[in-house]
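What follows is a single structure, written as structure tokens, with notes after it.
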Amino acid sequence: MPFDLLSEPIRKYVRDKRWDQFRPIQVAAIKRIMTTDCNYILASRTASGKTEAAFLPILSKVNFNEEGVQVLYISPLIALINDQFLRVEELCRYLEISVTKWHSEANKSAKNKLLKAPNGIVLITPESIEAMLVNRAHEAKHLFSNLKYVVIDEIHSFIGTDRGIHLKSLLFRLQSINRSKFCIVGLSATIGDFNEAKVFTGEAENTTVLIDKTAKEINVVFKYFKESGAELSLELMKDLYRETFDNKTLIFPNSRGRAEEVAVKLKKISERIGGHPYYFSHHSSVDKEVREYVEDFAKNNRRNNFTIACTSTLELGIDIGSVDKVVQIDAAHSIASLIQRVGRSGRQGNKQSNLYLYATNNWSLLQSLAAWLLYTEGFIEPPAVMDKPYDILAHQILSVVRERSEIRLSDLVYVVKSDFAFQAISETEITEIINYLFETGMLEKLGREIIIGIEGEKIVNNRDFYSVFTAEQNFKVINEGSTIGELPFSPLIREDENIFLAARIWKIKLVDEKARKIFVVKALDGKRPMFYGGAGDVHPRIRTKMLEILKVDTQYDFLDAKGLDEINELRKDFSTFTIGDILYDRPIVEKIVRSKKEDEDLFVSEFCSFTGTKINRTIGLFLYIADVEYEVADYNSMFTISASIENLRDIFESITSDVDNTISRLLEDKPAILDFSKWGKLLPPKYQTILVRDKYYDIENTVEFLRNIQLVEPSTLD
DNA sequence: GACCTGCTGCGGGCTG
């Protein structure tokens with residue numbers, strides 16, 4: 001019995017909570033964690049008791065009388081730490097274990113208290129671990145050299161990302177200052193590739209994934225509104241209002257600007273007809289305090305209905321309670337993301353989640369439908385795995401040198417070589433990168449020791465050093481002394497322009513460019529703000545599924561009539577292409593255009609690749625190498641290429657995988673191509689090229705795709 | 001048309 005395995009104080013906690021039974025993931029975790037010293041990944045949907053599944057057995061098992069912090073909980077978000085702190089602290093009161101928050105906004109005297117007598121549990125972010133290792137290595141050792149368990153929350157948000165590689169390296173570095181081996185427990189929503197989750201602990205063979213696959217039943221409704229303008233039509237907004245006014249709803253419109261538009265427009269409709277005023281927006285550009293107010297409102301009020309228009313800020317595990325409906329406007333970029341969003345709905349006792357998928361154009365409708373069907377087939381995108389993360393390696397080399405103050409070359413190479421985050425990178429490569437860091441003044445030799453160089457000091461001593469991702473430079477938006485949020489500079493940011501922010505309308509009174517501040521007053525009408533930055537890549541499987549939907553004639557009963565008509569219309573357009581092999585048969589149409597300048601006929605091919613964003617980008621690279629002009633739109637995966645079909649066949653057949661020269665030329669012409677990597681600029685040119693090749697492009701899969709592709713022309717029946 | 005995440009140490013001013 002799992003209950004009997006737990007320690008007495010924890011059993012008392014369970015009794016006091018009046019839990020009549022454990023959730024499946026808790027049963028599995030208690031049994032395993034209590035009886036073994038293995039690493040575990042607990043995979044189970046949102047709100048299924050994962051935190052308790054990890055902490056009940058860990059708190060039962062670990063002897064907290066020992067000196068030093070015993071359990072380290074790592075979270076991707078400060079907000080999540082603050083949330084979990086309350087839960088974990090309540091649990092720990094039964095054992096008189098202290099719990100300390102350690103992040104930039106955490107109470108400083110609590111941190112100092114911990115430094116005096118390290119013990120108990122610490123909740124921390126990866127960046128705070130990095131900062132501690134860099135600035136106060138001795139304190140890091142003082143606190144964290146006797147860890148028994150490391151719990152990583154929302155581990156799926158790290159897997160397959162730069163931040164994840166960074167965290168892996170930090171885990172390795174924590175392990176190397178520990179007296180004995182600590183165990184890792186990762187908490188995760190259902191993820192696409194459990195193998196990658198196991199590898200994440202650095203000990204795949206000693207890591208077991210415990211999965212609870214029971215999913216909530218999802219009630220899905222598709223709604224189609226053909227939109228032509230830049231703004232959402234009144235018709236759509238009215239329908240959205242009718243669906244949401246008497247519910248607790250989250251709306252995901254895929255962008256910050258559109259989230260503002262939706263929140264403001266719904267609020268206006270509600271005002272006009274005397275509905276409730278609880279319409280909010282929640283995204284990275286809304287001020288933190290305003291966001292906390294919104295989260296708090298959603299969590300703590302039972303009586304009032306509300307609607308929050310948001311971005312992925314409300315996708316992760318911050319506790320906002322549960323909502324009745326989740327609305328997705330146009331296709332989410334991934335299935336994983338869609339499922340996380342749906343997981344926010346379905347209240348306790350009610351087994352169903354409600355998902356409304358609005359589409360505003362035919363391709364978005366098709367993509368949404370494809371994502372939904374793939375989900376019902378059990379497919380979730382696997383994470384993008386980066387074998388040789390040279391940029392994070394360079395960052396960590398600087399960090400390790402700073403941590404040690406001085407270190408011999410052989411020791412440095414040894415440390416980095418042993419780091420499981422960089423397993424696939426060879427010793428020769430590491431040495432080459434270190435040598436380049438000498439050349440550029442990042443590192444310096446002092447006798448036989450290596451220290452941080454003059455150029456390196458500038459980087460390492462900057463606050464920006466602790467993270468591996470970049471942040472946009474914004475203007476603060478201020479009304480009557482209080483900050484509402486932030487906006488990037490755009491043509492709209494001018495005095496007397498009216499803009500939406502935090503679900504309200506503002507008139508800009510003054511722009512202080514030097515202080516990067518925008519002063520605003522309340523207004524009655526305005527425009528949604530402009531933001532820059534891209535969304536995530538779409539996985540090839542989604543695009544293949546889109547083609548498959550066009551090929552069959554299934555009449556989906558969860559689509560509304562307009563949506564079904566639109567799908568059938570698209571099917572008609574594509575019915576002229578005979579697609580046999582879904583993976584490689586791709587539609588193409590050749591047109592002849594009269595060139596204006598040179599007065600001759602030119603061939604233009606319209607080619608639908610039906611593949612992922614990254615492969616489309618790489619096809620673009622190959623066309624660039626072949627010196628062919630083209631345009632590409634990723635949303636419908638369509639290329640317009642200045643070449644005949646015959647010509648294109650030749651190009652696709654003669655594709656080679658040797659593109660390094662082109663990429664290094666590209667890097668010289670347009671260094672901004674490396675902007676996706678914050679620390680890539682530390683690398684020798686050769687490694688920058690490889691980074692762009694492997695991370696920005698997908699050479700291997702594109703070569704395979706193009707070698708196998710069969711270009712299908714329309715049948716000539718008409 | 002296009003997401004998100006985090007952050008030291010120190011000094012100055014203010015409050016209790």
Side-chain angles (χ1 to χ4, degrees), chain A residues 74-82 101-106 108 111-112 124-137 139-140 153-154 156-158 160-164 166-167 170 227-232 252-259 261 281-286 288 291 309-318 328-334 336-338 340-341 359-361 363-364 367 395 399 402 457 459-472 474 486 488 490 528-538 613 617 632-636 676 678:
Chain A
I74 303 173
S75 150
L77 303 176
I78 288 179
L80 195 55
I81 289 183
N82 296 341
K101 288 190 268 192
W102 194 292
H103 55 65
S104 64
E105 292 162 25
K108 225 167 177 178
K111 290 183 186 173
N112 286 333
I124 200 167
T125 61
E127 287 71 21
S128 283
I129 300 176
E130 175 68 57
M132 200 186 281
L133 289 173
V134 167
N135 293 320
R136 339 191 205 170
E139 287 179 0
D153 207 351
E154 307 275 3
H156 58 278
S157 74
F158 291 111
T161 70
D162 285 351
R163 204 176 178 204
H166 185 202
L167 177 55
L170 294 171
E227 302 273 310
S228 45
E231 291 199 16
L232 296 170
F252 291 92
N254 289 348
S255 77
R256 289 172 282 177
R258 193 153 255 189
E261 185 190 346
S281 70
H282 192 288
H283 52 77
S284 65
S285 297
V286 174
K288 201 157 192 163
R291 277 156 71 178
C310 54
T311 59
S312 41
T313 48
L314 284 185
E315 213 174 276
L316 284 179
I318 313 165
Q328 171 71 48
I329 302 180
D330 286 328
H333 80 271
S334 75
S337 170
L338 178 67
Q340 281 278 109
R341 292 170 183 186
T360 66
N361 69 71
W363 286 96
S364 175
Q367 189 180 325
H395 175 254
S399 178
R402 165 59 94 215
E457 288 287 346
I459 289 176
V460 174
N461 291 336
N462 193 309
R463 198 167 70 130
D464 213 33
F465 183 70
Y466 312 118
S467 71
V468 295
F469 46 84
T470 46
E472 46 185 22
N474 286 327
E486 293 180 345
S490 76
R528 70 179 192 208
M530 283 169 71
F531 293 98
Y532 306 99
D537 295 344
V538 176
T613 311
R617 187 185 294 142
V632 58
D634 193 58
Y635 75 97
N636 60 359
F676 66 87
K678 183 168 170 184

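In what follows, chains carry the letters A, B, and so on, assigned in the order in which the sequence lines appear, proteins first and then strands, with residues in each chain numbered from 1.
The CZ atom of A/Phe531 sits 13 Å away from the C1' atom of B/dC4 (whole-angstrom rounding). Rounding to whole angstrom units, CZ of residue A/Arg258 and P of B/dG1 are separated by 8 Å. Atom-to-atom, CD of A/Gln340 to P of B/dT5 comes out at 14 Å; the value is rounded to the nearest Å. For the pair A/Asp162 CG and B/dC3 P, the interatomic distance rounds to 19 Å; values are reported in whole Å. Rounded to whole Å, atom C1' of B/dT5 lies 12 Å from atom CD of A/Glu315. Rounded to whole angstrom, the span from the CZ atom of A/Phe252 across to the P atom of B/dA2 amounts to 16 Å. With rounding to whole Å, A/Asp153 atom CG is found 14 Å from B/dT5 atom C1'. To the nearest angstrom, C1' of B/dT8 lies 12 Å from CE of A/Met132.
Across all non-hydrogen atoms, the minimal contact from A/Ala259 to A/His283 is CB-CD2, 4.2 Å. Of all the heavy atoms in A/Ser284 and A/Thr313, the pair that sits closest is N-CG2, 3.7 Å.
Backbone-only contact: A/Thr311 has heavy atoms under 4.0 Å from sugar-phosphate atoms and none from a base. Counting any heavy atom pair closer than 4.0 Å across all strands shown, A/Leu316 reaches no nucleic acid atom. Residue-level contact check: A/Asn254 touches the backbone only, with heavy atoms under 4.0 Å from sugar-phosphate atoms and none from bases. Residue contacts for A/Ser157: at a heavy-atom cut-off of 4.0 Å it reaches no nucleic acid atom on any strand shown. In this structure, A/Arg402 reaches neither bases nor backbone, as no heavy-atom distance under 4.0 Å exists between it and the strands shown.
Here A/Phe469 counts as stacked on B/dT5: its ring centre is under 5.5 angstrom from the base ring centre and the planes meet at under 30°.
Put simply, OG1 on A/Thr360 and CG on A/Asn254 are 9.5 Å apart, with the number rounded to the nearest 0.5 Å.
Taking only side-chain atoms of A/Ser255, from C-beta outward, the nucleotide of B/dC3, B/dT5, B/dG6 with the closest atom is B/dC3. In this structure, the nucleotide among B/dC3, B/dG1, B/dG6 sitting nearest to the side chain of A/Ala471 is B/dG6. Closest approach to the A/Tyr466 side chain among B/dT8, B/dG6, B/dC4 is made by B/dT8 (side chain taken as heavy atoms from C-beta onward). Distances from the side chain of A/Ala230 to the nucleotides B/dG1, B/dG6, B/dT5 place B/dG1 closest. Taking the side chain of A/Ala131 as heavy atoms from C-beta on, and the options B/dG6, B/dT5, B/dT8, the nearest nucleotide is B/dT8.
Considering only side-chain N and O atoms, A/Arg291 lies under 4.0 angstrom from the phosphate OP1 or OP2 of B/dT5. Between B/dC4 and A/Ser284, a contact under 4.0 Å exists linking OP1 or OP2 to a side-chain N or O. For B/dC7, one of the phosphate oxygens OP1 or OP2 lies less than 4.0 angstrom from a side-chain nitrogen or oxygen of A/Ser128. In terms of phosphate contacts, A/Arg256 brings a side-chain nitrogen or oxygen within less than 4.0 Å of OP1 or OP2 of B/dC4. Note on A/Thr125: a side-chain N or O is less than 4.0 Å away from OP1 or OP2 of B/dC7.
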Report task. Assess whether salt bridge (charged side-chain N to carboxylate O under 4.0 Å, His left out) is satisfied between A/Lys288 and A/Glu105, documenting all intermediate values. Result -> CA-CA 12 Å; A/Lys288 201 157 192 163; A/Glu105 292 162 25; 2.9 Å; yes

**Report entry** Derivation of the salt bridge (charged side-chain N to carboxylate O under 4.0 Å, His left out) call for A/Asp330 and A/Arg258
**Finding:** CA-CA 11 Å; A/Asp330 286 328; A/Arg258 193 153 255 189; 3.7 Å; yes

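For the side chain to side chain donor-acceptor pair (under 3.5 Å) with A/Ser467, the qualifying choice from A/Glu130, A/His166, A/Arg163, A/Lys678 is A/Lys678, the only one to do so.
Where A/Asp634 and A/Ser104 meet DNA chain B, the nucleotide closest to each residue was compared, and A/Asp634 sits on the side nearer the 5' end. Between A/Pro253 and A/Asn461, the residue anchored closer to the 5' end of DNA chain B is A/Pro253, taking for each the nucleotide with the nearest heavy atom.
For the pair A/Glu227 and A/Asn361, the minimum side-chain heavy-atom distance is 4.5 Å or more.
For A/His395 and A/Phe465, the ring centers sit closer than 6.0 Å to each other.
Between A/Glu472 and A/Arg256, at least one side-chain N (NZ, or NE/NH1/NH2) sits under 4.0 Å from a carboxylate O, which counts as a salt bridge.
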Distances for protein N/O vs nucleotides 9-16 of chain B N/O pairs under 3.5 angstrom?
residue, atom, partner, partner atom, Å
B/dG9, OP1, A/Arg136, NE, 3.3
B/dG9, OP2, A/Arg136, NH2, 3.3

